[in-house]
Amino acid sequence: MQSTGLMEWGTLICKHCGSIVGSMDTVKITKYYVECKDEACVTSRSCKVHSGKK
């Protein structure tokens with residue numbers, strides 16, 4: 001696989017707990033909000049869904 005010459009300036013951040021999940025090649029500094037797979041965060045999300053909180 002050839003390098004595209006791009007830097008990994010795209011940061012993947014969990015939209016629930018704020019932890020950095022990863023990075024990706026982008027042409028500018030960018031934040032992407034995703035859902036992480038950390039057990040404590042997933043449990044917290046499921047508790048909020050079942051209690052009706054956002």
Side-chain angles (χ1 to χ4, degrees):
M1 180 179 273
Q2 288 184 335
S3 173
T4 61
L6 298 175
M7 304 273 308
E8 288 195 348
W9 287 354
T11 304
L12 306 174
I13 302 170
C14 178
K15 60 185 172 181
H16 301 285
C17 68
S19 65
I20 296 176
V21 177
S23 62
M24 60 187 290
D25 290 343
T26 59
V27 294
K28 63 181 182 176
I29 297 172
T30 308
K31 295 178 191 173
Y32 296 98
Y33 292 94
V34 297
E35 293 184 342
C36 73
K37 295 182 181 177
D38 180 70
E39 186 176 339
C41 185
V42 171
T43 302
S44 173
R45 290 193 303 254
S46 69
C47 289
K48 287 179 184 177
V49 169
H50 294 298
S51 68
K53 294 182 182 178
K54 291 186 177 187

Can you pull the side-chain hydrogen bond (donor to acceptor under 3.5 Å, both in side chains) pairs that have at least one residue in residues 13-23, sequence neighbours excluded? Glu8-Ser23, His16-Glu35
Does Ser44 use its side chain to pair, donor to acceptor, with the backbone of Ala40 at less than 3.5 Å? no
Close side-chain approach of Cys36 and Cys17, heavy atoms under 4.5 Å: yes
Flag side-chain contact, heavy atom, 4.5 Å: Val42 against Arg45: yes
Test of understanding: with side-chain contact (heavy atoms from CB on, under 4.5 Å), list the residues that count as partners of Val34, not counting sequence neighbours. Leu12, Val21
Just verifying a value: how many Å separate Tyr32 OH and Thr11 OG1, rounded to the nearest 0.5 Å? 10.0 Å
